[in-house]
Amino acid sequence: MKLRCISCGATPASAAQDFRCTVCGDLLEFFFPGWTSDAFSFDAATLKSLWLNRRTSRDALDQSGVWRFRELLPHIPNPEEHVITLREGNTPLYRLPRCARAVGVENLHAKHQGMNPTASFKDTGMTVAASSAHQGGFRWVACASTGNTSASMAAYAARGNMHSLVLIPEGQISWGKLSQSLDYGALTCQLRTDFDGCVRILNELVRQKPVYLLNSVNPYRIEGQKTAAIELMEQLAWEPPDHIIVPGGNLGNSSAIGKALLEMRELKLISRLPKLSIIQAHGANPFYRSVREFGGKKLEPMTADTLATAIRIGNPASWKKAVRVLEATGGEVEEVSEVEIAAAKAEIGADGIGCEPASAVTLAGLKRLRRSGFVKAGEAVVLILTGHLLKDPDFTIKFHRGDLFAGTGDAVEAVQTKHLQRAPVELDANLGAVIGALDAAERNS
Ligand code: F0G
């Protein structure tokens, strides 16, 4: 395993504190030169059966849905001492029958990364990067976050007896996420800025203080997040779907899933590549505009604004990596409106699954990709749901009460979502009133 700069190709022996290339300042990634040599002793069939057998093991590393795939991850020396695991990964793949009917595709699944220990996909990358911090002997780890990275980091830091510093934009993250980082014992700083402002300050901090940076510019995070795609292929008996659809914020996750797909093909674990498509909220769409307006050659940062606070990001760090995976897999980029996000979230909920707003951009984006003809009715599609429904109950309750868009410019468009709203019914405490509500609901169903 070696580090390489994604732009100039420099291969530093170790990473600087900010995980940027010391020659040109761009991002680093891991690559595995040994895989193409005869010394790599695993063929595809051996790897598949090795990983499957670990599912019955009592070993903590084998029980983790990340470390189970450790042959494709950076090596952590003395794993018994340094690996911090909450048995992350191992997330379910669900069929979405109602959503499939509504969208007009026959074969629609959701890989629910919100079923991780801290209820978001961040845990899969965090176990690898936090273990690397532990192995490096760091006392402090830190991140800037829209809420999920911070929740995950705080948990893994606590489990590994490290201190954690969280920088979050004041008033722009959900209560569920904030409460997690408080309970897991992080030093939580709410800065009077947005996510991009938090990132700027953190980058300066890590150059001055011996704190270990746990944002997704850290290539260990990307390696761990690859395993969602590996586990997905295993769940599909190594038969890739036609499309995988992910939300795009800072663009670490799309980069990771794309990297996994390319590596799996290189190792002949899969024979063809799914198209990986990335969806952004219209109010936080710098990557969409980069690809559509500039062919992915440059990215203009913006001031981001969306109720899907997890992806309220105007200057995504990993945009060049994401351009590469779009091109390599033939995927598409889309943007969706606030109302489309809210409707899609309620539809995923009505399938008995649920997710947080940022995850719902995937279904909203799929609807657009169906309309444009990019996704065909007979094709198999997997949505990556990144966070759990309970991360942001405020959004959900406001939506169902009909308050989410009240008094905003979206109020008119939001009328179309009325049929999805299920406001609580307030009744006197008597049987007749409840039976009346039941009968009324039956008549309307
Ligand atoms: N979905 C959820 C629920 C997220 O929390 C995030 C990012 C994304 C999607 C986008 O993933 O950044 O890899 O493109 N949340 C980060 C955080 C930024 O700080 O929790 P991405």
Side-chain angles (χ1 to χ4, degrees), residues 27 110-116 118-126 129 142-155 166-169 172-174 176-178 180-181 186 188 194-199 202 213-218 221-222 224-226 228-229 245-259 276-281 284-288 304 306-319 321-323 325-326 333 336 341 345 348 354-365 383-392 395:
L27 298 185
K111 171 88 173 142
H112 206 328
Q113 294 299 93
M115 307 300 262
N116 267 291
T118 76
S120 87
F121 73 99
K122 305 288 182 181
D123 295 340
T124 55
M126 202 55 73
C143 74
S145 181
T146 56
N148 278 327
T149 301
S150 44
S152 180
M153 178 188 77
V166 163
L167 302 187
I168 46 172
Q172 295 178 24
I173 80 165
S174 71
K177 298 171 190 177
L178 177 61
Q180 284 181 291
S181 82
T188 304
D194 55 11
F195 169 79
D196 303 293
C198 293
V199 170
L202 185 62
L213 178 67
L214 278 175
N215 276 80
S216 59
V217 295
N218 180 326
R221 287 262 319 270
I222 303 294
Q225 286 176 206
K226 287 190 322 193
I245 302 182
V246 290
N250 216 14
L251 298 169
N253 201 33
S254 27
S255 306
I257 288 173
K259 188 171 192 280
L276 181 68
S277 293
I278 302 173
I279 318 295
Q280 294 207 295
N285 66 352
F287 183 67
Y288 171 83
T306 169
L307 292 173
T309 50
I311 50 172
R312 189 170 175 170
I313 296 172
N315 190 13
S318 295
W319 69 275
K321 289 186 180 179
V323 169
V325 302
L326 270 192
V333 59
V336 292
I341 295 171
K345 193 179 108 56
I348 294 167
C355 62
E356 70 164 280
S359 310
V361 302
T362 54
L363 181 66
L383 310 179
I384 306 292
L385 301 183
T386 45
H388 198 279
L389 169 68
L390 294 176
K391 283 280 191 176
D392 193 353
F395 181 110

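For the single chain, residues carry numbers from 1 onward in sequence order. Counting convention: from 1, in listed order, for ligands and their atoms alike. Fair warning: this is a prediction, and the values are worked out from it, not measured in the lab.
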Side-chain donor-acceptor pair present, K391, Q180, cut-off under 3.5 Å: yes
Test item: side-chain donor near acceptor, S181 and S150, under 3.5 Å: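 No, no side-chain donor-acceptor pair sits under 3.5 Å.
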Main-chain N/O of Q280 paired with N285 side-chain donor or acceptor, under 3.5 Å: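 Side chain of N285 to backbone of Q280, a donor-acceptor pair under 3.5 Å: no, none is there.
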Only distances under 3.5 Å count here; give the side-chain donor-acceptor pairs of residues 355-363 to other protein atoms, sequence neighbours excluded, each with its distance to 0.1 Å.
from : atom 1 : to   : atom 2 : distance (Å)
E356 : OE1    : K177 : NZ     : 2.7
E356 : OE2    : N148 : ND2    : 2.9
S359 : OG     : T386 : N      : 3.0
S359 : OG     : T386 : OG1    : 2.8
S359 : OG     : G387 : N      : 2.9
T362 : OG1    : S359 : O      : 2.6

For K345, all residues meeting salt bridge (Lys or Arg N to Asp or Glu O under 4.0 Å), sequence neighbours excluded: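 K345: no salt bridge (Lys or Arg N to Asp or Glu O under 4.0 Å) contacts found.
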Ligand 1 N/O to protein N/O, distances under 3.5 Å:
from     : atom 1 : to   : atom 2 : distance (Å)
ligand 1 : 1 (N)  : T386 : OG1    : 2.7
ligand 1 : 5 (O)  : N148 : ND2    : 2.8
ligand 1 : 12 (O) : N250 : N      : 2.7
ligand 1 : 13 (O) : G252 : N      : 3.2
ligand 1 : 13 (O) : N253 : N      : 2.8
ligand 1 : 14 (O) : G249 : N      : 2.8
ligand 1 : 14 (O) : N250 : N      : 3.2
ligand 1 : 14 (O) : L251 : N      : 2.7
ligand 1 : 15 (N) : K122 : NZ     : 2.9
ligand 1 : 15 (N) : T146 : OG1    : 3.4
ligand 1 : 19 (O) : S145 : OG     : 2.7
ligand 1 : 19 (O) : T146 : N      : 2.8
ligand 1 : 19 (O) : T146 : OG1    : 3.4
ligand 1 : 19 (O) : T149 : OG1    : 3.1
ligand 1 : 20 (O) : S145 : OG     : 3.4
ligand 1 : 20 (O) : T146 : OG1    : 3.4
ligand 1 : 20 (O) : N148 : N      : 3.1
ligand 1 : 20 (O) : T149 : N      : 2.8
ligand 1 : 20 (O) : T149 : OG1    : 3.1

side-chain contact (heavy atoms from CB on, under 4.5 Å) partners of V333, counting only residues at least two apart: F287, Y288, V291, R292, L326
